[in-house]
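Every chain is numbered from 1, with letters handed out A, B, ... down the list of sequences. Model, not experiment: these values are computed from the prediction.
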There are 4 protein chains.
Amino acid sequence: MATTLHILCTGGTFDKIYGSGAGVRNFTFPEVSAVTEIVAKFHVPNVHVTYDPARAMDSLDMTEADRIFIANWCAQFPAGRCVIIHGTDTMVKTAAAIAERRLDCTVVLTGALQPTRMRDSDAEFNLGGAIIAAQTSTPGVYIVMHGQLFAWNKCQKNPVTGQFEQISPIV
Amino acid sequence: MATTLHILCTGGTFDKIYGSGAGVRNFTFPEVSAVTEIVAKFHVPNVHVTYDPARAMDSLDMTEADRIFIANWCAQFPAGRCVIIHGTDTMVKTAAAIAERRLDCTVVLTGALQPTRMRDSDAEFNLGGAIIAAQTSTPGVYIVMHGQLFAWNKCQKNPVTGQFEQISPIV
Amino acid sequence: MATTLHILCTGGTFDKIYGSGAGVRNFTFPEVSAVTEIVAKFHVPNVHVTYDPARAMDSLDMTEADRIFIANWCAQFPAGRCVIIHGTDTMVKTAAAIAERRLDCTVVLTGALQPTRMRDSDAEFNLGGAIIAAQTSTPGVYIVMHGQLFAWNKCQKNPVTGQFEQISPIV
Amino acid sequence: MATTLHILCTGGTFDKIYGSGAGVRNFTFPEVSAVTEIVAKFHVPNVHVTYDPARAMDSLDMTEADRIFIANWCAQFPAGRCVIIHGTDTMVKTAAAIAERRLDCTVVLTGALQPTRMRDSDAEFNLGGAIIAAQTSTPGVYIVMHGQLFAWNKCQKNPVTGQFEQISPIV
């Protein structure tokens, strides 16, 4: 039987939509995460998606309390396989907050540089990688971006290009 | 020979993109309008596209000076066939500013409720309609949205649904 | 009130899909035409769509009987506004068969060079134009492709490029 | 530094396009694989793509010679990380032909149920997973489909649904 996968969607660029109605100027978050639609469309088995639109946010707006919420969510799944959809700007910071807890589960964070609903989005590509990494990696905290699996403390979002790159480990 | 079409792109939702780089939170405008790409991809002949990224804006930010600029642009083309890509929130207001000039050209304004770069965008559908309307309508100012050709003074953007609908003419 | 539009979908590249299941090699036609989805998504009012998957076909496979069926369908709507979604290879031939009937309605044929379900499809752009043309043109038979409205007897699909172009009228 | 990835594209639904020109009825293969475009667009580092349009095919048309060609291609990369884009109908058969060679490299086969160029394609999602699996799995032959990593001899394409599912191992 297929491994159970737990996915927490926290918002980020991955899930941003352009609203409808009068006076819309910018991105917002949907009632249902795009992850739910993707796993159904591509027939991924045994996935449990957690998403609360009221807690969806740009990761630049995340507080310490939000990071504690995310780490607590992971702590529910001992020996579990978890994916977290997260904004890219503070993804490493949240990964650090989870890693600090030394949980006995595999946690893979991923996100997108372009929203799922954009034609050229990297969201499906990244999610595809994160879902595999969560099933195949030993317990620990990881980041999947650009077709690469990074240990959480060996990567950064390059502040100029906006892309993730490997760095010497943060001790 | 195919009729010459003049298209002015003023920004609006039609041309919004989600930027790249670190710290991106919201929509911005591209260096080249999506219109240029669409007319090339679909082999539309004899189209001249005018677009200045420095003048691209959300139509809620448009000033009277911007509307004068647009009307002056139309005035360059006596007996011409013009399409204006415009944000939907103040499209009717700009249409009124152009109509006031009683120009001898056909001007069709259109826009989009979802940006061209979104998977479910109405941009190509609306542009397809506006390009036909500009070639087939008598001189005057029109709006094409939702597969409908409206006289500029007989439609409004419904403030609740955000959709264009026919109204009794503004006298 | 918005004009009533009658749309007949006959298949063609516009509506081709790539099937699912084992052993799928090629395109087929869906249970519901993409037109139904497009007009709903973009809130086009007063559209009646006619589509029978059992009659959907590549226009290279169309017979004289199929063309009579299409012309008869148009004949139901005196003074009506009709759009026909049709394969491009024999679109002009069907247009001729309808024109021969000298009906008192406006008929606009359109299609697509890439299926609606392809990312780079011209289907929505062409349909947007055809829907406007059907509402604004005098009775007669027309073709909308590449952002151009052609009289049915003044265009051809270029046998090399596959694109529609204006020609001297067929007498 | 990022691990070097070798990707062989053999055609399959993943790379099918709908051709242009007159008389086009069905799918064909492009001059450049979609994989090249995807890895560039999403900034995947250190990827070497091998694709020959003259050898691109529907996997139902593959011969034993084609399978030997693929296994030989893998054999070039001892201790290497390889992804093979392959039609789904005979993917397991090709996997078996590679596995028989007992090569010392990690080979992950993937494909798509809908072509990359379709709006709802699973191609990017599957490729994202295969690229991660190729970097994280021990030497052997695997299949990535539906967000799952299968040992090559523990899965089959369900002949009715067309989806991959786990089975008891083929001894």
So how far is it from [X] [atom1] to [Y] [atom2], rounded to the nearest 0.5 Å?
| X | Y | atom1 | atom2 | result |
| --- | --- | --- | --- | --- |
| A/Gln148 | D/Ile132 | CD | CD1 | 8.0 Å |
| D/Glu124 | A/Asn126 | CD | CG | 10.0 Å |
| D/His146 | A/Lys41 | NE2 | NZ | 14.0 Å |

Which atoms of A/Ser121 approach chain D - backbone, side chain, both or neither, heavy atom under 4.5 Å: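 Contact with chain D involves the backbone of A/Ser121 alone.
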Side chain from CB out, backbone as N, CA, C, O: work out which of these in A/Ile38 comes under 4.5 Å of a heavy atom of chain D, or both, or neither.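 Contact with chain D is through the side chain of A/Ile38 alone.
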Close side-chain approach of D/Arg119 and A/Arg119, heavy atoms under 4.5 Å: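 Yes. Closest side-chain heavy atoms under 4.5 Å.
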Kindly say whether A/Gly147 contributes a backbone atom to a donor-acceptor pair with the side chain of D/Gln135 at under 3.5 angstrom?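 A pair under 3.5 Å: yes.
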Minimum heavy-atom separation for A/Asp120 to D/Phe42, with atom names?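 So the two residues come closest at O-CE2, 3.6 Å.
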Residue, of A/Pro45, A/Ser137, A/Ala133, that accumulates the most heavy atom pairs under 4.5 Å with chain D: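 Looking at each of A/Pro45, A/Ser137, A/Ala133 in turn, A/Pro45 comes out on top.
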Sort D/Asp122 into side chain, backbone, both or neither according to what part of it lies under 4.5 angstrom from a heavy atom of chain A.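 D/Asp122 touches chain A through backbone and side-chain heavy atoms alike.
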Quick check on D/Val144 against chain A: is it the side chain, the backbone, both or neither that has a heavy atom closer than 4.5 Å?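 For D/Val144, the side chain is the part near chain A, not the backbone.
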Under 6.0 Å from the CD atom of A/Gln76, do we count more than 12 heavy atoms belonging to anything else shown?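 Count over threshold, so yes.
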